[in-house]
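Here's the structure, in structure tokens; my notes come after.
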Amino acid sequence: MASQQADSVSTMPSENEGFKVSDRRLFTEDGDLRPDVERDAGSEAAPHPADPTPQVGDSAAQSLPMTFDTLVLSLSTTAMMQLGVIGEGPDHKTERDLPAAQQSISILELLKEKTKGNLTQQEMQLLDASLYDLKMTYLQLTKQVKL
């Protein structure tokens, strides 16, 4: 027992040695793979922060990478469901929730404002077309409700 204690004491660093800090992160602040990190093609290394690797959900959702286009389409689809244009669930039940639809449209408008000058032409066209369709549908439905 005394020999085990002596072994454990001898393996501990002395106070004069200090300690060593090793950076074990795989990516730089910019999200690039660090040059000193080896990456095997078959290894289970941590995914790149920009890599679309869904963790949960059904197989259809896992096959779509998360991009700006996917975000816009997701918000647009949600707004269309809230407008009652697209049915939800397995029975395709449609219900209107105009205040929620207006909020979803406002989120898309905010997204357009905050990303102005940072989008590709395709992303801007998708966002504009989605907002136009949603606003026109919302106007038609609110006119029907008032009549």
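- Qualifying side-chain contact (heavy atoms from CB on, under 4.5 Å) partners for D69, counting only residues two or more places apart in sequence or in other chains: T67, Q122, E123, L126.
- Ion pairing between E109 and K114 fails under the 4.0 Å rule for side-chain N and carboxylate O.
- Here CD1 of I105 is found 9.0 Å from OG of S76. Values are rounded to the nearest 0.5 Å.
- Note that CD of Q102 is 11.5 Å distant from CG of D97, once rounded to the nearest 0.5 Å.
- Of the inter-residue distances, the one linking Q125 atom CD with L119 atom CG reads 11.5 Å to the nearest 0.5 angstrom.
- L108 CG to K135 NZ: the interatomic distance, rounded to the nearest 0.5 Å, is 9.5 Å.
- With sequence neighbours left out, the side-chain contact (heavy atoms from CB on, under 4.5 Å) criterion links T137 to M80, L83, V85, L141.
- Atoms CG and OG1, on L134 and T78 in that order, are 10.0 Å from each other to the nearest 0.5 Å.
- Side-chain atoms of F68 and T120, non-hydrogen and from C-beta on, never get closer than 4.5 Å to each other.
- Inter-residue side-chain proximity for D128 and Y132 is flagged as unmet; no heavy-atom pair is nearer than 4.5 Å.
- Looking at heavy atoms from C-beta onward, K116 lies out of side-chain contact with M124 at the 4.5 angstrom threshold.
- The OG atom of S104 lies 9.0 Å from the CE atom of M81; values are rounded to the nearest 0.5 Å.
- No donor-acceptor distance shorter than 3.5 angstrom exists from the side chain of S130 to the backbone of V72, with no hydrogens or angles considered.
- Considering only heavy atoms from C-beta on, L71 comes within 4.5 Å of L111 through its side chain.
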